Structure formats: structure tokens, C-alpha cells
2 protein chains.
Amino acid sequence: MRETPIPARKRVMKNRPLADSDKTPTIKEVAKRARTSIATVSYVLNNKDRYLRPELRERVLLAAEELGYVKNAMASSLKGQRRGILAVLVPQFGNNFFTRICVEVEAIAQRAGFVVTICNSDENPAQERSILDRLLAQRIDGCILSPALSRSETAILLERHQVPCIILERTLDAATPDFDFVGHDNFQSGYLATRKLIEAGHRRIAFIGWDSPIPNIHDRKNGYLAAMGDCGLTPSDGWLHLDELTVEGGRRAAERLPFSEITALVIAHHHEMAKGTLLTLQERGISWPRDLSLVLIGTPEWHDLLRPSLACIQRPEEEMGRAAATLLLKKLHDPRHREPRSILPVTFLEGGSIRSIS
Amino acid sequence: MRETPIPARKRVMKNRPLADSDKTPTIKEVAKRARTSIATVSYVLNNKDRYLRPELRERVLLAAEELGYVKNAMASSLKGQRRGILAVLVPQFGNNFFTRICVEVEAIAQRAGFVVTICNSDENPAQERSILDRLLAQRIDGCILSPALSRSETAILLERHQVPCIILERTLDAATPDFDFVGHDNFQSGYLATRKLIEAGHRRIAFIGWDSPIPNIHDRKNGYLAAMGDCGLTPSDGWLHLDELTVEGGRRAAERLPFSEITALVIAHHHEMAKGTLLTLQERGISWPRDLSLVLIGTPEWHDLLRPSLACIQRPEEEMGRAAATLLLKKLHDPRHREPRSILPVTFLEGGSIRSIS
DNA sequence: CTGAAAGCGCTAACAT
DNA sequence: ATGTTAGCGCTTTCAG
């Protein structure tokens, strides 16, 4: 921890201090103002089922109101209450796919009375680790983790510290004990994309994907290969390219495609990479679906704005977010709660980027 | 608070318990293992400049390491240490504009040793309020707030509870004391967009924008009007439409445009609304820049993927995020620190959507 | 040089 | 029906 130490907030006199005091009031001051004990205040504010004279209850509530009392969550959590914080740790904050998931998680967590800490490991295991230390220090109630690597120390540490944890989208390798998991069907997305092109009469289909360290990402490629195989097709050399998940990576992969041989292309990642590929196609004057039929895995904002629009494989981001959040909440109620790995299906979204050549 | 109470995490025996115990170890256990006092452990772990025998120091470090000790941030913060949590409260989590800002804030906060809680008020003041209560309960160290309404109770409460706070992008009304502020120049974005169209020879320029409750959003419209005025132009009735910030709103506004009269259009919001407008143009066979020249305020992912590409006003999201985060960190060090409102300039991004009719 | 102990604000068992 | 009090895990003053 080489960070600059930051002193605790100083208590400076302000124009409009809180109530009479200059600091945010504690249960003790509420008790004083209500002329009762702190225990009573605690009972009232937590709505415990201890019987109290309604009049007293009222007095406490009023005092709290007047002082602008806000319970100190860390003091309660020291006494074994929940912290009220859930964490989501994702590898690509800027990626729509994860953003959509986070939005849902946040919404559900909010309704359950939590705040959500969203952290970005930026595909960097070291950073993931250092974030984890902070999350553990915060004693978060639970975590949704989409790991940067398949051999994730992070997940193991969460388990070790008994923090309920859901693994999101990316699978850990076999050495890692099995965690609760919510993801989408990568294999099916590759399979379905390819299948739709085959159904439109294509035989010479290329594939551009991410050269990822995460094993189940490669299921998209496997889905592509399987769909080809099921129809007796074999990709030639140079039809399949894996590269970085960046605009540049998408460009490089596109540059390498043998356009004279192929009639169709599966673009397996919608983020920056797909953008690079499409820009390259545009710049080289290769238009879809005339020169090349396309299916994209993922639904970027622009999928239906491009002309012709893109045929896409839609992943259930919202549903994934809800599933992960709901499962996590269940585990908070009962840490032993387990559910089978939930691998959500994808759907095909029609678009104008497939030319039928049957 | 009608949320279901959730019990604190139960302590269940696990396959691989933490060290010898079944719970995450405390400073006390580290002290025991290092055969010293908790005070010494605290001094060592916080690297305070109390002199200790190197051997003792080593022993403590080793014990902590072996036990997998992680400091409990809430216990320390009870003793007046900083909390380690910053909050960002935005009104539209799904909007790229805010996402890009959040990414930067998160990155900077991370480097300073904080975790970031990102909350979405969804343009809903009541929700904003209930989130605020939770953030106050967490005793967050600081907050970056982009309020859902211009008369923001939220900001006032933060001030009242002496939480350092930066207002982001949206201005509060005059009744609210002046807060530290980071935003972009809405007026200039409207002005520049319009100006560029005028320079290309356009005179009959329409404007589509958001019918927002936030005052400074309307500066975009004012910029448009000023640019027109400066060139002796007056928008006719029906050239200016404000509507909801949704795909539907963008469609409705577009439907109302008098296409036979106008030659150019400023689309003042890049989010869903712009998408609605563009979809409507496409569906009605109005192509840019042939039938209509376009300038868009904002740079959605797709601005350079569309053909022709869109001319845009680029807002400095990354810079805004960095500015807000940096300013907030400064205020943590010195709560009295003030800086003049920082209103960052926008830039024009060339695109193929402007036809020169000079 | 190091340790004991007083609290930070809260909850809940244990008095009364 | 309500109040007293013992901690939760930590930091820091004060005493050895």
C-alpha cells in the first residue's frame, strides 16, 4: 500500500451545522434529547419487537428526526450486523456487456437496501488482487466476480474469507473449487451464429475472436467449429483469427482474412474489437451483405443503426445481472444455498447483414 | 426502509478455513501469534514511526501474513480513520457519457486506495434520496454527485453532514449554495454545433433536445439560439423540439420536423434520444448529408461507424472524470480547498454528415 | 522500547 | 417496560 495517507475528515464549522452540534449526531445524543437510554433508541430505530410506550417511541423518533440522525453502518456492523455493501468486480468497465449487467445488479441491490461498489480490474490480475484487499478490508457482504484470469486467486480468497461470491460469465479452471456461477452460453452463441450463416447457404465462413486467457470464451470458437463440423464443413487455414480485444486487434484480424475465399464472417466480440473489424471492412470497400455476410455476437448500441443492420446473437445481459444479484441475495440469507450453474441461452436477432446464397 | 433484514454472514466451517480459526482473524490474534500486544501490531501494520525492534516488527509481519490478516476498515474508521469509500451518484448509469466519467473516477480513486460506490438515481429524486441515506450511513469519505433535479436536497444534506462533495455536470438552482463543480460547456456545445452548420452555408437549421428539469442542459438550446442570432437567423416555429431522453422521445421530435423547410439539424443528446431520431430519419428515407446535414452533441460508440459518419461535438468525459476525482481527493486532504467552477470546453469532430451548400 | 487501556457508535444480553 | 453494560476491532494516549 504505497498510497498517500489521507487524514479523516476534519470537522470544520460550517454555515449550517447539523442540528446544534458540529458533528453528525450519534445514538447517544438522540438518547439524551429523547431523555432515555441508548438501548431504547437502538430498539426503536431498529424496530425491534420490544414493547415500548408509544409515547416514548414517538419521542425517540422525533429526536432522531430533529437531529438528523443517520445510523453509523460501521458501528453496527462491528456488532455483527451486515455491512450493507455488495461488490461487483468486472474486468472491463467500459464494455457495454458488463455495464448492462451492472445496471441490473445495482438496481436489485438497491431495492434490498445495499449500496454497490463497482470495481474494474481492467483485465489485470494484479489490480484485481489489490482491489480485493480493499474489498476484504471493507468486509463487503458479498461479491459478484468476473475474473481477469481463469486461475483466480481472488475467488479463492473470497471463499477463504467466507464472503458469499458469485462468479460471473467467466469460468475458473478445474483446479478451482466450484463456485456459484451465472453466465451465458458461449458455445451456443458461436454455434448459432455460424448455423444461421450456413442456413443462408454459406459454406466458406470465417471467424474473428478474442485470444483470451479465459477458457470458456473459447467456447464461441468451439461452437463455430462444431457448427461447421456438423454440416461437414472444415475451416481452411486463415479463416480463423484470434487477436486482442481492441479496435486494433479487430483491424489486424480483419486484414488477415482471405476475402476472395470467404463469403461470410462471424465476429465473436462486440466490444472494441468488432468496431475495428467493421471499420476495416468499410475502409477496404467490402460491404455487407453484398461482399460478405456478417453475424455479430453481442448487441452494441449501434447494431440496428448501421445500414444494413447487423444480424446479432443477443446475450441476456439484463437477465444475467438479475440472476447473479438474486442468487447473491439468497446466499446472504443462507450461506449454504447452492444452485446449479446457470448458463443462460442466447437468441438470434435478425438483421440485414446476411445474404442468402442458396 | 422496508427492506428485508438480512442477518450478518454466518460463520460456517469451510474446507479451508482461514488459518487455524474459522473466522477472519483480528489484530488480537495476530498479537497473540506474534507474542506481543495489539498496540504493537497496530503500529507495525500502519507503519507508524514508533521505533520497534526489527525482530519484533518482523514477527508481527510474519504472523499477520500467516494468518491472512486483513484490517477491518470499519473498526479503524470508527476510531477516526478515513473510510476508504468514495461515492459517485449519477442519474443515468446506462448513458455512455456517465459511464466514461465513472471509469476515470474509479481508476483515480483506486490509485488513491479507495473503492468506489457507483449509484444510479435513474433521474428519480426519491431514489436519489434513499441512496443518499445509505451513503451517509456508510460514512463515505466523499461524493461526486450529478443530481436528478436542480433543487437538490441531496447536495445540501451532504454538505450538512460535512461530506466533501463535487457536483458533476448538472447545476443546482440559485437557492442552493455554491458547491465545487465540474462540468462541460453546454452552451458552447450548442453554439459550436450550430455554427459549424452555418459555416457550411446552412440557414434553416433545426434543433432537437431534451426537455430537461436541469437548467444548464438548456444552455445547449441557448447556444443554438445564440449562434443563429449572431448570424441574423431566427428559427421558425417547429424547428425546435424538446422531448424525453428516450428512443421514443427522439422519434417523436423527429416526426415533428418540417423536412421541406430545413436543411440541417442539431441533435443535442447522444444517448437513446439521438438513436430514435436517426432511426426515424432512416425509416423515412431521409439520408444525411444529402437531405439533411447533421451535427450530434456527444460521441456515442457508433459516431464513426455510421456511413456517412457523424459530425460530433465531443465532450471531455475522461477529463471531467479526472478533474472531479482529483478535486475530490484534494478536498479530502483539505476540506477548505476550493476551486473555481471548472467548465471544460468541447471540441468539434469532423464527420461526413455536413453538406456544404455555400 | 513496549504494553494497558480508553474509547469510537452501536446491539443485545442481562439486569431491574 | 426500560436502563446498564459488555463487547465488536481498531488507534492512540499514557504509563511503564
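What you see is a predicted model, and the numbers here were worked out from it, not measured in a lab. Hydrogens, waters and symmetry mates are skipped; everything else that's a heavy atom, side chains included, is used.
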Query raised in the report: Just to confirm, is there a sub-4.0 Å distance from OP1 or OP2 of D/dT4 to any side-chain nitrogen or oxygen of A/Tyr43?
Result: no
Query raised in the report: Roughly, in whole Å, what's the span from CZ in A/Arg59 to C1' in D/dA1?
Result: 13 Å
Query raised in the report: Given atom NZ of B/Lys71 and atom P of D/dT11, what is their separation to the nearest angstrom?
Result: 4 Å
Query raised in the report: Can you check whether B/Ser76 has a side-chain N or O nearer than 4.0 Å to OP1 or OP2 of D/dC10?
Result: no
Query raised in the report: Is any side-chain nitrogen or oxygen of B/Ser37 closer than 4.0 Å to OP1 or OP2 of C/dG3?
Result: yes
Query raised in the report: Under 3.5 Å, is there an N or O donor on one side and an acceptor on the other linking the side chain of B/Lys79 and the base of C/dG7?
Result: yes
Query raised in the report: CG of B/Leu136 versus P of C/dG9: gap in Å, rounded?
Result: 16 Å
Requested in this report: Taking only the side-chain nitrogens and oxygens of A/Lys48, find out if one of them lies under 4.0 Å from OP1 or OP2 of C/dA12.
Outcome: yes
Query - N or O in side chain of B/Gln81 less than 4.0 angstrom from D/dT12 OP1/OP2 - result: yes
Requested in this report: Would you check if there is a donor-acceptor pair between the side chains of A/Glu159 and A/His161 at a distance under 3.5 Å?
Outcome: no
**Report entry** Geometric cation-pi criterion A/Arg82 and A/Phe114, 6.0 Å radius, 45° cone
**Finding:** yes
Report summary line: Between B/Arg53 and B/Leu78, the residue closer to the 5' end of DNA chain C by nearest nucleotide is B/Arg53
Report task. Please report, rounded to the nearest Å, how far the P atom of D/dC10 is from the CE atom of B/Met74. Result -> 12 Å
Query raised in the report: B/Asn72 side chain N/O closer than 4.0 Å to the phosphate oxygens (OP1, OP2) of D/dC8?
Result: no
Requested in this report: Classify the nucleic acid contact of B/Leu56 as base, sugar-phosphate or nothing, counting any heavy atom under 4.0 Å across all strands shown.
Outcome: sugar-phosphate
Report summary line: Between NZ of A/Lys28 and C1' of C/dG7 the distance, given in whole Å, is 9 Å
Query raised in the report: For the pair made of CZ in A/Arg35 and P in D/dT2, what is the distance, rounded to whole Å?
Result: 13 Å
Report task. Round to the nearest Å and state the distance from B/Arg57 atom CZ to C/dT2 atom P. Result -> 9 Å
Requested in this report: To the nearest Å, give me how far apart CG (B/Leu45) and P (D/dT11) are.
Outcome: 8 Å
Query raised in the report: Any N or O donor-acceptor pair linking the side chain of B/Arg50 to the base of C/dT2 at under 3.5 Å?
Result: yes
Query raised in the report: For A/Thr36 and D/dT2, is the shortest distance between a side-chain N/O and OP1 or OP2 below 4.0 Å?
Result: no
Report task. Taking the side chain as every heavy atom from C-beta outward, state whether B/Thr117 and B/Val88 have any pair of such atoms under 4.5 Å apart. Result -> no
Query - Short N-O contact, A/Arg53 and A/Glu58, less than 4.0 angstrom - result: no
**Report entry** A/Ala39 side-chain proximity, nearest of D/dT2, D/dC10, D/dT5
**Finding:** D/dT5
Query raised in the report: Under a 4.5 Å cut-off applied to non-hydrogen side-chain atoms, are B/Leu89 and B/Ile144 in contact?
Result: no
